[in-house]
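Working notes, beginning with the structure itself.
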Amino acid sequence: VQRLEESGGGSLQSGGSLRLSCVVSGGAYRPCRMGWFRQAPGKEREGVAGIDTRDSTRYIDSVKGRFTVSQDNAKYTLYLQMNSLKPEDTAMYYCAAAAPDTYCSGSSLHEFDYSLWGQGTQVTVSS
């Protein structure tokens, strides 16, 4: 059974940086796309960054130029480098992956394109 496990969250002041990691475990499974989502208290979950097997990426407008998504296929690990963090970035961050044997036509920020989810890691940014 494939699992996703996030790490790297924490509390920091505005302007700081964090790198989130997501390890894919449970077999030789390379999803055709992976993504990072976040959910702030009282708000709906939103797609933050996505990447596919060709390293094609996309980002939500509010993080462009500040966040970078990447992957290390040899380590089955997804990363999200977050720089210039703002209080509005405070949220639970989730890693997501497309199901095995899925055909992907590129990266995505839509929840319906993902079927595997991690438990989340909290990021709290204070002003």
**OP:** Among residues two or more places apart or on two chains, list those pairs meeting salt bridge (charged side-chain N to carboxylate O under 4.0 Å, His left out) that have a residue in residues 65-84.
**Re:** Arg66-Asp89

**OP:** Write down the atom of Leu12, the atom of Leu18, and the distance for their closest heavy-atom approach.
**Re:** CD2-CD1, 3.7 Å

Original post:
Quick one: NZ on Lys64 to CZ on Arg58, what's the gap to the nearest 0.5 Å?
Top reply: 9.5 Å

Subject >> Nearest heavy-atom neighbours spanning Leu109 and Ile60 >> reply: CD1-N, 3.7 Å

**OP:** Take the angle between the ring planes of Tyr93 and Phe67 and call it parallel below 30°, perpendicular above 60°, tilted in between.
**Re:** tilted

Subject >> Met82 vs Val125 side-chain heavy atoms within contact, under 4.5 Å >> reply: no

Original post:
If you round to the nearest 0.5 Å, how far is CD of Gln39 from OH of Tyr94?
Top reply: 5.5 Å

Original post:
Where does the angle between the aromatic ring planes of Phe112 and His110 fall among parallel (under 30°), tilted (30 to 60°) and perpendicular (over 60°)?
Top reply: parallel

Original post:
Between Met92 and Phe37, is there a shared hydrophobic cluster once you connect ILVMFWY residues whose side-chain heavy atoms come closer than 4.5 Å?
Top reply: yes

**OP:** State, to 0.1 Å, how close Gly106 and Arg54 come at their nearest heavy-atom pair, and which atoms those are.
**Re:** CA-NH2, 4.2 Å

Original post:
If you draw a 6.0 Å radius around CD in Glu46, do more than 12 non-hydrogen atoms from other residues or ligands fall strictly inside?
Top reply: yes

Original post:
Are Ile51 and Trp36 joined in one hydrophobic group, where the rule is that I, L, V, M, F, W and Y side chains link up if heavy atoms are under 4.5 Å apart?
Top reply: yes

Subject >> Under 3.5 Å: donor-acceptor pair, side chain of Arg33, backbone of Ala98 >> reply: no

Original post:
Counting heavy atoms not belonging to Arg3, are there more than 12 under 6.0 Å from its CZ?
Top reply: no

**OP:** Drop me the distance from Cys22's SG to Leu116's CG, to the nearest 0.5 angstrom.
**Re:** 9.5 Å

Subject >> Non-hydrogen atoms of Gln81 and Ser17 that approach each other most closely >> reply: NE2-CB, 4.0 Å

Original post:
Roughly how far, to the nearest 0.5 Å, is the OH atom of Tyr76 from the OG atom of Ser25?
Top reply: 11.5 Å

Original post:
Does Thr90 offer a backbone N or O that forms a donor-acceptor pair with the side chain of Thr124 under 3.5 Å?
Top reply: no

**OP:** Verify, without hydrogens or angle tests, whether Ser115 (side chain) and Ala99 (backbone) share a donor-acceptor contact under 3.5 angstrom.
**Re:** yes

Original post:
Are Glu111 and Trp117 close enough that some pair of their side-chain heavy atoms sits under 4.5 Å apart?
Top reply: yes

Original post:
Would you say the side chain of Leu78 lies within less than 4.5 Å of the side chain of Val24, judging by non-hydrogen atoms?
Top reply: no

Subject >> Heavy-atom pair with the smallest gap, counting every atom of Tyr114 and Gly50 >> reply: OH-CA, 4.3 Å

Original post:
Can you tell me how far CZ of Arg38 sits from OG1 of Thr121, rounded to the nearest 0.5 angstrom?
Top reply: 14.0 Å

**OP:** Can you establish whether the number of heavy atoms outside Gln119 located under 6.0 Å from its atom CD is more than 12?
**Re:** no

Subject >> Partner of Gln71 under side chain to side chain donor-acceptor pair (under 3.5 Å), chosen from Asp52, Thr53, Asp55 >> reply: Asp55

Original post:
Out of curiosity, Met34 CE to Thr77 OG1, how far, rounded to the nearest 0.5 Å?
Top reply: 8.5 Å

Original post:
Closest heavy-atom contact between Cys95 and Leu4?
Top reply: O-CD1, 3.7 Å

**OP:** Please answer: with hydrophobic residues joined when any side-chain heavy atoms are less than 4.5 Å apart, are Val48 and Tyr79 in the same cluster?
**Re:** no

